[in-house]
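Please read the structure below before turning to the comments.
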Amino acid sequence: MSDVRVRFAPSPTGPLHIGGVRTALYNYLFSKKHGGKMLLRIEDTDQTRFVPGAENYILEALQWVGITIDEGPTQGGPHAPYRQSERKPMYRAYAEQLIAEGNAYYAFDTEEELEAMKERLKAAKVASPSYNMVTRMQMNNSLTLPEDEVKRRLDNGEAYVIRLKVPRKEEIRLNDLIRGWVVVHSSTIDDKVLLKSDGMPTYHLANIVDDHLMGITHVIRGEEWLPSAPLHVLLYRFLGWESTMPKFAHLPLLLKPDGNGKLSKRDADAGGFPVFPIDWKVPGTEDTWIGFRDQGYLQEAVVNFLAFLGWNPGTQEELFTMEQLIQEFSIERIGKSGTKFDINKAKWYNQQYLRLKSDAELQQLMESVLQAEGVSYDSTTIGAISLLLKERVTFAQDFWTEGKFFFQAPLSYDSAVASSKWNSDAIQVSKALQDKLQSHTGDLSPETAKHLFHEVLDEQGIKIGKVMQAVRLAITGVGAGPDLMHIISILGKDETVQRLQSALSTLSETVKP
RNA sequence: GGCCUGUUCGUCUAGGGGUUAGGACGCAUCCCUUUCACGGAUGAAACACGGGUUCGAUUCCCGUACAGGCUACCA
């Protein structure tokens with residue numbers, strides 16, 4: 001399998017769904033594992049659904065995730081173009097070849113006629129009304145119309161489509177890499193449109209033609225394609241390409257976190273989490289659909305999270321870099337069943353990867369978060385703070401939410417803590433600590449701060465547990481956070497004294513000792 | 001409705017004819033700690049159901065239920 005060639009083939013109809021990103025990732029991992037090529041093909045055969053900006057979105061999303069494309073619309077390649085709309089002229093010949101060999105036919109039926117046919121069948125209690133081997137003989141097509149009539153209509157430029165002539169009774173089998181043998185009877189397949197009346201191929205034709213022409217060896221795609229896979233097998237056969245037909249692997253779908261159904265944007269809105277890789281600004285509106293990247297998720301966390309949604313290496317390890325994933329990936333270890341989307345796991349991965357960052361990276365992360373908040377501070381201090389906060393953050397932006405008291409004195413005090421902890425002892429200790437710090441000269445290391453604080457406690461004869469949280473509240477405004485002595489040390493003598501002072505006046509007013 | 005696919009703790013999953021059915025997320029309790037977090041320990045928690053096959057089925061087969069997908073001149 002040294003010449004593995006796979007492709008990711010999205011439609012530019014909107015932002016790439018996170019499930020699509022996973023499909024792209026599996027394709028990428030598989031191709032790199034085998035030293036093969038990864039192609040990107042834009043399937044824009046439905047001109048009514050084309051959304052401007054969608055292709056760029058796909059490119060940007062893949063790039064962020066770290067999926068590199070070997071051949072595609074931007075990098076070109078031996079099988080260019082890689083946009084199906086630009087390949088339009090190539091498809092008709094194959095459809096006509098199928099007609100010439102008796103495996104397809106022209107159909108002239110109007111929308112109304114098709115509708116009427118379906119109604120008629122429905123009234124006759126036919127289970128699934130469709131254009132197939134029995135109904136096609138009652139419609140207007142080159143199978144029912146006299147040859148000269150067909151020619152006349154064609155010459156007149158009448159609208160037509162080309163439909164596949166599905167064999168009457170035949171078992172079509174397909175050996176899916178994930179699901180094993182799938183057998184479908186041809187009588188359950190309808191005469192799918194191959195070439196639309198606007199001259200564009202449908203997915204089915206374009207897909208098979210392109211995959212063949214581009215030398216695709218493995219088709220890894222979502223399970224929603226499984227029902228039409230037998231149809232694709234039929235096309236490979238009729239086109240004479242069965243011996244080089246790619247192997248198929250149909251991936252399980254990503255499902256809603258709770259309840260039933262596949263994961264949708266609705267779930268994202270309800271759960272407050274993203275289902276898109278990066279932000280999508282909906283054209284013509286002010287709306288933005290949130291993406292993982294812009295919500296503060298790390299690229300490596302998303303990759304790891306996505307890879308494990310339906311695949312696992314069979315070991316107990318869970319933290320894998322892209323390189324390791326490539327090393328370990330195998331289609332055999334992809335699961336069969338649908339996977340519910342649990343954002344908690346994604347958060348956990350993010351926390352893990354954030355913690356794996358070097359001190360310098362952490363500092364940089366925190367600096368950019370502060371910058372976004374309009375806060376500037378000296379780098380050394382930020383470095384120290386980021387280390388203090390390291391074990392407490394899940395997202396980089398938590399550096400701000402968890403540590404804003406380093407940069408601004410409390411504007412208010414957590415009332416629950418205030419009412420239970422702020423008492424006469426707390427006031428006494430705060431006053432004494434204020435005085436003690438005031439008269440202190442020289443450096444204020446965490447150790448020194450601790451020493452001073454204990455001196456105060458000893459002098460006042462008060463146990464540490466009785467007042468610690470109150471003092472923390474006075475200095476930070478909240479009841480929880482990193483080691484208070486480190487906070488005091490970073491804040492410095494003057495700032496700490498000042499904060500104790502304002503706490504003493506503000507809190508004493510509102511809370512009775 | 002028809003066709004296709006699936007079903008191990010709440011979730012992601014390992015496993016596979018005989019196991020105390022393992023791990024992770026989440027949850028709970030305890031320890032550490034001035035607090036919270038981290039960390040550590042412990043705990044609750046699963047083989048959808050019914051038939052077969054078998055000495056023995058969670059594992060194999062068949063049904064049923066449930067779930068998902070498809071059923072467009074959309075992909």
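Note on naming: letters A, B, ... go to the chains in the order of the sequence lines (proteins, then strands), and numbering restarts at 1 for each one.
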Query raised in the report: Taking the C1' atom of each, how far is C60(B) from C4(B), in whole Å?
Result: 23 Å
Report task. Give one of base, sugar-phosphate or nothing for G465(A), where a contact means two heavy atoms less than 4.0 Å apart. Result -> nothing
Report task. Would you mind reading off the distance between D211(A) atom CG and A75(B) atom C1', rounded to a whole angstrom? Result -> 14 Å
Query raised in the report: Taking only residues two or more places apart in sequence or in another chain, which ones pass side-chain contact (heavy atoms from CB on, under 4.5 Å) with E119(A)?
Result: E115(A), K122(A)
Report task. Kindly say if T45(A) contacts the phosphate of A75(B), meaning a side-chain N or O under 4.0 Å from OP1 or OP2. Result -> yes
Query raised in the report: Can the ring centroids of Y26(A) and F329(A) be said to lie less than 6.0 angstrom from one another?
Result: yes
**Report entry** Inter-nucleotide C1' distance (C31(B), C25(B)), Å rounded
**Finding:** 22 Å
Requested in this report: For the residue pair F308(A) and F320(A), categorise the inter-ring angle as parallel (less than 30°), tilted (30 to 60°) or perpendicular (more than 60°).
Outcome: tilted
Query raised in the report: Could you give all pairs that pass the ring-ring contact (aromatic ring centres under 6.0 Å, His included) test and reach residues 109-136 of chain A, with sequence neighbours left out?
Result: none
Report task. Counting Watson-Crick and G-U wobble pairs only, both distances under 3.5 Å, name the nucleotide matched with A28(B), or none. Result -> U42(B)
Query - C1' gap between G26(B) and G43(B), integer Å - result: 14 Å
N/O-N/O pairs, protein side and nucleotides 2-6 of chain B side, under 3.5 Å:
from	atom 1	to	atom 2	distance (Å)
U5(B)	O2'	R179(A)	NH1	2.7
U5(B)	O2'	E223(A)	OE2	2.9

What's touching nucleotides 63-66 of chain B from the protein side, N or O pairs under 3.5 Å?
none

Query - Rounded distance (Å) that lies between atom C1' of C73(B) and atom CG of N141(A) - result: 15 Å
**Report entry** Proximity to the side chain of K118(A) - top-ranked nucleotide from C70(B), A72(B), U34(B)
**Finding:** A72(B)
Report task. Answer with base, sugar-phosphate or nothing: what part of the nucleic acid does D190(A) contact at a heavy-atom distance below 4.0 Å? Result -> nothing
Report task. Remember a base hit wins even if backbone is also touched, and classify S197(A) as base, sugar-phosphate or nothing at under 4.0 Å, heavy atoms. Result -> base
Query raised in the report: Hey, does the side-chain of K192(A) have a donor or acceptor N/O within less than 3.5 Å of a partner on the base of A72(B)?
Result: no
Requested in this report: Using the salt bridge (Lys or Arg N to Asp or Glu O under 4.0 Å) rule, collect all pairs that involve residues 461-476 of chain A, keeping only residues at least two apart or in two chains.
Outcome: none
Report task. Please state how far atom CZ in F405(A) lies from atom P in U35(B), giving the value in whole angstrom units. Result -> 16 Å
Report summary line: Applying ring pair (Phe, Tyr, Trp, His ring centres under 6.0 Å) to Y297(A) and not counting sequence neighbours gives F292(A), F395(A)
Report task. Measure from the side chain of R49(A), starting at C-beta and using heavy atoms only, and say which of C73(B), U35(B), C74(B) lies closest. Result -> C74(B)
Query raised in the report: Is the shortest side-chain N/O distance from N312(A) to OP1 or OP2 of U13(B) below 4.0 Å?
Result: no
Report summary line: Considering only heavy side-chain atoms of K196(A), the closest of A75(B), U34(B), G68(B) is A75(B)
Query raised in the report: Considering only the C1' atoms, how many Å lie between U35(B) and G16(B), rounded to the nearest integer?
Result: 48 Å
Query raised in the report: Which is true for K347(A) with a 4.0 Å heavy-atom rule: it touches a base, it touches only sugar-phosphate, or it touches nothing?
Result: nothing
Query raised in the report: When all nucleic acid strands are considered with a 4.0 Å heavy-atom cut-off, which category describes R333(A): base, sugar-phosphate, or nothing?
Result: sugar-phosphate
Query raised in the report: Does one side chain, of Q324(A) or T321(A), offer a donor that lies under 3.5 Å from an acceptor on the other?
Result: yes
Report task. In whole angstrom, give the distance that lies between atom CG of L255(A) and atom C1' of G10(B). Result -> 15 Å
Query raised in the report: Who pairs with H204(A) by ring pair (Phe, Tyr, Trp, His ring centres under 6.0 Å), at least two apart in sequence or on another chain?
Result: H232(A)
Query raised in the report: By a strict heavy-atom criterion of less than 4.0 Å, which residues belonging to residues 81-96 of chain A are in contact with RNA chain B?
Result: none
Query raised in the report: Under 4.0 angstrom, heavy atoms only, what part of the nucleic acid is D414(A) near: base, sugar-phosphate, or nothing?
Result: nothing
Query raised in the report: Just by modelled atom types, is the R49(A) backbone N or O under 3.5 Å from a matching donor or acceptor in the T13(A) side chain?
Result: no
Report task. Once you apply the 3.5 Å cut-off to both distances, tell me the Watson-Crick or G-U wobble partner of G6(B), or none. Result -> C66(B)
Pairs under 3.5 angstrom, nitrogen or oxygen only, protein versus nucleotides 38-40 of chain B, please.
from	atom 1	to	atom 2	distance (Å)
C38(B)	O3'	R355(A)	NH1	3.2
C38(B)	O2'	E391(A)	OE1	2.4
G39(B)	OP1	R355(A)	NH1	3.3

Query raised in the report: If you check the W225(A) side chain, which of G23(B), U34(B), A75(B) turns out closest?
Result: A75(B)
Query raised in the report: Heavy atoms, side chains only, cut-off 4.5 Å: are L143(A) and Y106(A) in contact?
Result: no
Report task. Have a look at V193(A) and say if it touches a base, only the backbone sugar-phosphate, or nothing, with a 4.0 Å heavy-atom cut-off. Result -> sugar-phosphate
Report task. Using the test salt bridge (charged side-chain N to carboxylate O under 4.0 Å, His left out), find all partners of D191(A) that sit at least two apart in sequence or belong to another chain. Result -> R136(A)
Requested in this report: Check whether any side-chain N or O of Q397(A) sits under 3.5 Å from a backbone N or O of Q295(A) as a donor-acceptor pair, and report yes or no.
Outcome: yes
Requested in this report: List for me each residue that meets ring pair (Phe, Tyr, Trp, His ring centres under 6.0 Å) alongside F453(A), sequence neighbours excluded, and say none if there are none.
Outcome: none
Requested in this report: Write down the distance separating the P atoms in U29(B) and A44(B), rounded off to the nearest Å.
Outcome: 15 Å
Query raised in the report: Within the pair T339(A) and U13(B), is there a side-chain N or O less than 4.0 Å away from OP1 or OP2?
Result: yes
Report task. Taking only the side-chain heavy atoms of E318(A) (C-beta and beyond), determine which of G69(B), C74(B), A24(B) contains the nearest atom. Result -> A24(B)
Query raised in the report: Okay, side chain of W289(A), backbone of V275(A): is any donor-acceptor separation there less than 3.5 Å?
Result: no
Requested in this report: Can you tell me the distance, in whole Å, between the CZ atom of R472(A) and the P atom of U34(B)?
Outcome: 11 Å
Report task. Using the C1' atoms only, state how far G68(B) lies from G52(B), rounded to an integer number of Å. Result -> 28 Å
Query raised in the report: When the distance from CZ of F308(A) to P of C12(B) is rounded to whole Å, what number comes out?
Result: 15 Å
Report task. Could you pull out all residues at least two apart from F50(A) that satisfy ring pair (Phe, Tyr, Trp, His ring centres under 6.0 Å)? Result -> none
**Report entry** Exam field: side chain Q469(A) to backbone G479(A), donor-acceptor pair closer than 3.5 Å
**Finding:** yes
Query raised in the report: Do I178(A) and K336(A) touch side chain to side chain, with heavy atoms closer than 4.5 Å?
Result: yes
Query raised in the report: Which one, G26(B), U35(B), G69(B), comes nearest to the side chain of A480(A)?
Result: U35(B)
Query raised in the report: Can you tell me how far P of A37(B) sits from CZ of F395(A), to the nearest Å?
Result: 17 Å
Report task. Mind checking G335(A) for me? I need base, sugar-phosphate or nothing, with any heavy atom below 4.0 Å counting as a touch. Result -> nothing
Report summary line: Side-chain atoms of W348(A) come closest, of U11(B), C74(B), G26(B), to G26(B)
Report task. Specify the separation, in whole Å, of atom NE2 of H486(A) and atom P of U33(B). Result -> 16 Å
